[in-house]
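One structure below.
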Amino acid sequence: MWARGIRDAFAGAIVTAAVSTLGDYLWANVLPHHRPAYGLAHGTLLFLTVGAGLGAAGRRTVIGAAGGAAIGFSAAAGFYLLQPFIGYSGLFVMFVGLWIALGLLNGRVLRPHDSIGTVFVRSALAAIGSGIGFYAISGIWFPFRPRRWDYAIHFLCWTVAYLPGFAALLVSQSTSVKITERV
């Protein structure tokens, strides 16, 4: 179970990193900047991917994708509502809320085997871990010269940023409980 959780966390982080890297390319080279419709679509599609990854781990991919899409859309909308008041700090506020919501989706809908306290701890760890990862890689867009960006580096950075969130939500220690119960 523990090894499966690690495998699922890596798979989720890698697939989401690929979608994020594609998003970086599209934002830099194709999409007009500062258009909320594109930001809402970006948040929806990106976290549809995250939700699908979480759902796949619990064999509920479609429900996970739908929940992730709703959470991503809500977080993007929340950012656009907060941005006039607190600037780009709203991104970090919504990022924390997003991981808490993903943790609740995972722990209450997709894989409802943990207590609510454990779900909140896992959610907080996902938010903190991915928040630190996101902060650590946030320089990948600067200087803003998209034609010189190395998208393989972006992919690697995104994988590192998403992995703590997926790991916090998917890696379980229930194996040790089962071993103890057998003895």
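The structure displayed is predicted, hence computed values, not measured ones.
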Subject >> Polar side-chain atom of His154 near backbone of Ile140 as donor-acceptor pair, under 3.5 Å >> reply: yes
Original post:
Is there a path of hydrophobic side-chain contacts, each under 4.5 Å between heavy atoms of I, L, V, M, F, W or Y residues, that connects Val30 with Leu40?
Top reply: yes
Original post:
Between Trp158 and Phe134, what is the ring plane arrangement, given parallel below 30°, perpendicular above 60°, and tilted in between?
Top reply: tilted
Subject >> Set of residues satisfying ring-ring contact (aromatic ring centres under 6.0 Å, His included) with respect to Phe120, sequence neighbours excluded >> reply: none
**OP:** Could you pull out the closest heavy-atom pair between Asp8 and Ala57, with the gap in Å?
**Re:** OD2-CB, 3.4 Å
Original post:
Is there a path from Leu26 to Leu48 through hydrophobic residues (I, L, V, M, F, W, Y) whose side chains come within less than 4.5 Å of each other?
Top reply: no
Original post:
Does the side chain of Tyr151 come within less than 4.5 Å of Leu22's, by heavy atoms?
Top reply: no
Original post:
Which atoms form the tightest heavy-atom contact between Val109 and Pro112, and what is the distance?
Top reply: O-CD, 3.7 Å
Cut-off 3.5 Å, no hydrogens considered: what does the side-chain donor-acceptor table look like for residues 123-133, sequence neighbours left out?
unit_1: Ser123; atom_1: OG; unit_2: Val119; atom_2: O; d: 2.7
unit_1: Ser130; atom_1: OG; unit_2: Ala161; atom_2: O; d: 3.1
unit_1: Ser130; atom_1: OG; unit_2: Gly165; atom_2: N; d: 3.0

Original post:
Near Tyr80 OH, under 6.0 Å, is it more than 12 heavy atoms from other residues, nucleotides or ligands?
Top reply: yes
Subject >> Ser74 side chain vs Ala70 backbone, donor-acceptor pair below 3.5 Å >> reply: yes
Original post:
Shared ILVMFWY cluster between Leu45 and Leu31, side chains joined below 4.5 angstrom?
Top reply: no
Subject >> Side-chain touch Ile14/Tyr162, heavy atoms, less than 4.5 angstrom >> reply: no
Subject >> Minimal non-hydrogen separation, Trp149 against Asp24, with atom names >> reply: CZ3-O, 4.0 Å
**OP:** With side chain to side chain contact (heavy atoms under 4.5 Å, CB included) as the test, would you mind laying out the steps for Val171 and Phe166 before giving the verdict?
**Re:** CA-CA 8 Å; Val171 176; Phe166 277 103; over 6 Å; no
Original post:
Could you give the distance from CZ (Phe155) to OG1 (Thr16), rounded to the nearest 0.5 Å?
Top reply: 10.0 Å
Subject >> Any donor-acceptor N/O pair, Arg122 side chain to Ala168 backbone, under 3.5 Å >> reply: yes
Subject >> same_hphob_cluster(Leu110, Ile116) at 4.5 Å side-chain heavy-atom cutoff >> reply: no
**OP:** Determine whether Val121 and Asp114 make a side-chain contact, defined as any pair of heavy atoms from C-beta on separated by less than 4.5 Å.
**Re:** no
**OP:** Check the surroundings of atom OH in Tyr38: do more than 12 heavy atoms from other residues, nucleotides or ligands lie under 6.0 Å from it?
**Re:** no
Subject >> Rounded distance (nearest 0.5 Å) linking atom CG of Leu54 with atom CD1 of Ile63 >> reply: 13.0 Å
**OP:** Say whether Leu156 and Val15 are linked into one hydrophobic cluster, either directly or through other cluster members, by side-chain heavy-atom distances under 4.5 angstrom.
**Re:** no
Original post:
Would His42 and Trp27 count as having a side-chain donor-acceptor pair, cut-off 3.5 Å?
Top reply: yes
Original post:
Does the side chain of Ile71 reach to within under 4.5 Å of the side chain of Phe47, using non-hydrogen atoms?
Top reply: no
Original post:
Distance-only, no hydrogens or angles: does the Arg111 side chain make a donor-acceptor pair with backbone N or O of Arg59 under 3.5 Å?
Top reply: no
Subject >> Value rounded to 0.5 Å, distance of CD1 in Ile100 from CE in Met94 >> reply: 11.5 Å
Subject >> Nearest-0.5 Å distance, CZ of residue Arg4 to OG of residue Ser172 >> reply: 11.0 Å
Subject >> Ala17 backbone acceptor or donor facing Ser20 side chain under 3.5 Å >> reply: no
Subject >> Considering all heavy atoms, the nearest Ala75-Leu98 contact >> reply: CB-CD1, 3.8 Å
Original post:
Quick one: does Asn29's side chain have a donor or acceptor within less than 3.5 Å of a partner on Tyr25's backbone?
Top reply: yes
Original post:
Centres of the Tyr88 and Phe79 rings: under 6.0 Å?
Top reply: yes
Original post:
Distance from Asn106 atom CG to Leu169 atom CG, nearest 0.5 Å?
Top reply: 5.0 Å
Original post:
What are the two closest non-hydrogen atoms of Gly39 and Ala76, and how far apart are they?
Top reply: O-CB, 3.7 Å
